[in-house]
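Note sheet for the following structure.
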2 protein chains.
Amino acid sequence: MMTALQAFEEKKRFVHLKELLRSANHIQKIKKGTFLFQEGMVANELYLILSGKIQMSKMSQDGKEMCFRICSAGEIIGELTLFTNDPKYLLNAKVMEDGEVAVIKKDYLEEQLLLNPTLTFEYMQWLSNHARRTQTKFRDLILLGKKGALYSTLIRMCNSYGIRLKDGSILIDLPLKNQDLANFCGTTRESVNRMLNALKQEGILSIHKGKITIHDLDYLKREVQCENCPVEICRIE
Amino acid sequence: MMTALQAFEEKKRFVHLKELLRSANHIQKIKKGTFLFQEGMVANELYLILSGKIQMSKMSQDGKEMCFRICSAGEIIGELTLFTNDPKYLLNAKVMEDGEVAVIKKDYLEEQLLLNPTLTFEYMQWLSNHARRTQTKFRDLILLGKKGALYSTLIRMCNSYGIRLKDGSILIDLPLKNQDLANFCGTTRESVNRMLNALKQEGILSIHKGKITIHDLDYLKREVQCENCPVEICRIE
DNA sequence: TGTTAGATGTGATACATATCACACACGGTT
DNA sequence: AACCGTGTGTGATATGTATCACATCTAACA
């Protein structure tokens with residue numbers, strides 16, 4: 001029986017659920033540029049990413065894109081369609097990098113989730129944390145202005161996708177275009193470009209091969225008056 | 001008598017959970033202007049509101065306030081502290097109107113939730129819907145600009161707190177100051193004031209005794225290119 | 001090697017929004 | 001009635017941000 005709350009580590013999270021998914025109905029290849037699903041489509045399936053990268057985003061009517069997360073191996077997508085009575089995907093799942101996903105039927109997963117307390121616990125824990133992350137993230141995006149939104153996004157990217165280098169810098173291990181960043185923080189490509197260049201000038205970060213390395217994370221944190229909330233909360237996702 | 005738009009789900013949602021909460025540890029009076037809890041405080045308890053109104057918000061370091069929801073009788077607050085290993089409240093619960101809350105221990109509730117599949121189901125359903133609501137709401141706040149943010153907020157307020165009048169108008173049954181609205185949509189009191197006055201000029205809405213009545217909801221929807229997502233999603237909360 | 005498509009960089013400009021500094025309105029005191 | 005405190009209304013101005021229109025770079029590839 002689940003009593004004590006386990007340490008929150010990406011690696012350990014959702015282990016039982018992932019195990020279940022691995023025994024999935026079937027495997028599906030995904031190709032860059034295609035959509036695994038799009039918002040509005042009826043959702044019958046969830047996916048466990050085995051390899052490749054998928055960007056989850058939501059469009060507004062006038063073509064602007066709000067990017068929520070970038071998922072890679074080990075992550076589950078389509079999860080928010082569980083237990084809803086309007087079973088449509090809310091996000092677009094665009095493939096950024098070829099790979100494979102394990103496919104599982106939503107009905108089956110809902111059944112299993114309710115039958116197995118361990119699964120239940122893991123899923124509720126994940127949902128709670130998801131909601132908590134979301135609150136802080138959007139407060140930042142809305143209240144800090146566009147520059148603050150970018151800085152906040154970069155900080156979260158460090159926590160979500162960052163690799164610490166020997167010199168203490170943090171490599172955000174994702175190929176990100178200016179436009180991608182703009183979609184994450186609700187601004188324009190041009191604005192992102194100018195802000196990134198300013199940060200480059202100051203030596204706060206550098207960019208090689210489309211990947212950003214943050215040299216002075218503290219500078220960014222100071223600028224947004226970061227309250228150093230726990231790393232499991234201060235994330236892109 | 002008027003038909004509350006929100007009746008459809010709010011009343012039915014969470015029934016078993018609410019029943020559980022009603023058999024709570026004890027009852028606590030709440031007084032206007034005080035905080036039931038504040039962000040950062042260790043969370044041992046959840047609350048079911050029996051009467052009164054509570055505003056849930058989050059502050060940024062520089063004093064700006066992001067308002068998430070206004071809760072009244074029948075709603076549960078503090079729920080996102082369940083199943084996390086960093087058991088701190090993430091929001092401030094400010095009492096807007098005197099009342100009473102039922103108090104329940106978090107530990108006990110977690111236990112009960114896992115033991116009773118019906119409760120489990122209700123809670124997961126609520127969490128999923130919460131996450132879905134949040135995604136659409138913040139996309140709007142971030143991508144639509146401040147005017148769009150206000151319009152979107154007004155539309156959601158209609159769905160969450162609206163009462164349909166005989167002439168088809170919708171009364172948002174909450175006393176809202178300009179500053180409150182500003183906190184909901186991430187702008188300033190002055191901007192809200194100007195935008196509301198413009199809408200008054202056009203006859204889109206009117207204000208009496210601090211409560212807003214929307215006469216032409218479709219105008220607002222058109223302006224934000226509303227995609228008419230389901231009412232259980234397009235809400236303040 | 002030249003061509004191309006996609007990405008980045010940048011000035012000029014327009015527009016949106018915040019900020020500041022008050023005046024005004026209103027309901028509840030004393 | 002005069003006096004608060006709190007909320008609203010509004011002009012002037014500053015700042016932030018998007019938009020447009022290109023130039024430039026880069027990697028892929030024919």
Side-chain angles (χ1 to χ4, degrees), chain A residues 32-33 55 60 62-67 94 96-98 140-154 172 174-202 204-213 223-224, chain B residues 32-33 55 60 62-67 94 96-97 140-154 172 174-202 205-213 223-224:
Chain A
K32 178 169 175 174
Q55 190 188 63
S60 72
D62 55 337
K64 277 178 282 188
E65 193 173 356
M66 171 95 252
C67 192
K94 180 162 42 168
M96 311 304 293
E97 198 181 277
D98 290 3
D140 289 356
L141 292 185
I142 292 166
L143 295 185
L144 299 181
K146 299 307 181 177
K147 186 185 278 199
L150 177 62
Y151 292 5
S152 168
T153 301
L154 289 173
I172 298 174
L174 280 180
L176 287 168
K177 285 170 281 189
N178 288 343
Q179 185 64 61
D180 294 328
L181 272 172
N183 293 343
F184 266 101
C185 55
T187 180
T188 60
R189 176 189 74 75
E190 293 92 328
S191 295
V192 167
N193 186 271
R194 284 182 236 264
M195 293 188 275
L196 284 182
N197 285 335
L199 291 171
K200 275 192 229 166
Q201 301 300 320
E202 305 285 331
I204 311 297
L205 57 77
S206 57
I207 306 183
H208 292 109
K209 307 258 177 199
K211 291 185 180 178
I212 299 175
T213 303
E223 287 292 306
V224 298
Chain B
K32 179 169 176 174
Q55 190 188 62
S60 73
D62 55 337
K64 276 177 283 189
E65 193 173 357
M66 171 95 252
C67 192
K94 179 161 42 165
M96 311 304 294
E97 197 181 278
D140 289 355
L141 292 185
I142 292 166
L143 294 185
L144 299 181
K146 300 307 181 176
K147 185 184 278 198
L150 177 63
Y151 291 5
S152 168
T153 300
L154 289 172
I172 298 173
L174 281 179
L176 287 168
K177 284 170 282 190
N178 288 343
Q179 185 63 62
D180 295 328
L181 272 172
N183 293 343
F184 265 100
C185 55
T187 180
T188 60
R189 176 189 73 76
E190 293 93 328
S191 295
V192 167
N193 186 271
R194 283 182 236 265
M195 292 188 278
L196 284 182
N197 285 335
L199 291 172
K200 275 192 230 166
Q201 300 301 321
E202 305 285 330
L205 56 77
S206 58
I207 306 183
H208 292 110
K209 306 259 177 200
K211 291 185 181 177
I212 299 175
T213 303
E223 287 292 304
V224 299

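Proteins come first, then strands; the chains are lettered A, B, ... in the order of their sequence lines, and each starts at number 1. Every value quoted in this text rests on a predicted model; they were computed, and no experiment measured them.
Rounded to whole Å, the distance from CG on B:Asn183 to P on D:dG7 is 12 Å. One can place CG of B:Leu141 at 16 Å from C1' of C:dT17, the figure rounded to the nearest angstrom. In this structure, the CD atom of B:Gln179 is 16 Å from the C1' atom of D:dG5, given to the nearest Å. One can place CG of B:Leu181 at 14 Å from P of D:dG7, the figure rounded to the nearest angstrom. One interatomic measurement links the two molecules: NZ of A:Lys32 to C1' of D:dA28, which rounds to 12 Å at whole-angstrom precision. If you take NZ of B:Lys209 and P of D:dG7, they are 16 Å apart, rounded to a whole angstrom. Put simply, CG on A:Asp180 is 11 Å from C1' on C:dA7, counting in whole angstrom units. In this structure, B:Glu223 atom CD and C:dA16 atom C1' are separated by 15 Å, rounded to whole Å.
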Check your understanding: Taking protein heavy atoms under 4.0 Å as touching, what does nucleotides 9-17 of chain D look like 5' to 3' if B marks base contact, S marks sugar-phosphate-only contact and - marks none?
Key -> BBBB----S
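Heavy-atom nearest nucleotides on DNA chain D were determined for A:Lys64 and for B:Leu176, and the one closer to the 5' end corresponds to B:Leu176.
By the salt bridge (charged side-chain N to carboxylate O under 4.0 Å, His left out) test, A:Lys211 is found to be paired with A:Asp173, residues two or more places apart in sequence or in another chain being considered. In this structure A:Glu97 satisfies the side chain to side chain contact (heavy atoms under 4.5 Å, CB included) test together with A:Lys53, sequence neighbours excluded.
Of all heavy-atom pairs spanning B:Gln55 and B:Cys67, the tightest one is CG-SG, 3.4 Å.
Looking at B:Met66 and B:Asn183, their side chains never come closer than 4.5 Å, going by heavy atoms from C-beta outward.
Rounding to the nearest 0.5 angstrom, the gap separating the CG atom in B:Leu205 from the OH atom in B:Tyr151 is 9.0 Å.
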Point to revise | Residue pair B:Asp180, B:Leu174: steps toward the side chain to side chain contact (heavy atoms under 4.5 Å, CB included) verdict | key: CA-CA 11 Å; B:Asp180 295 328; B:Leu174 281 179; over 6 Å; no
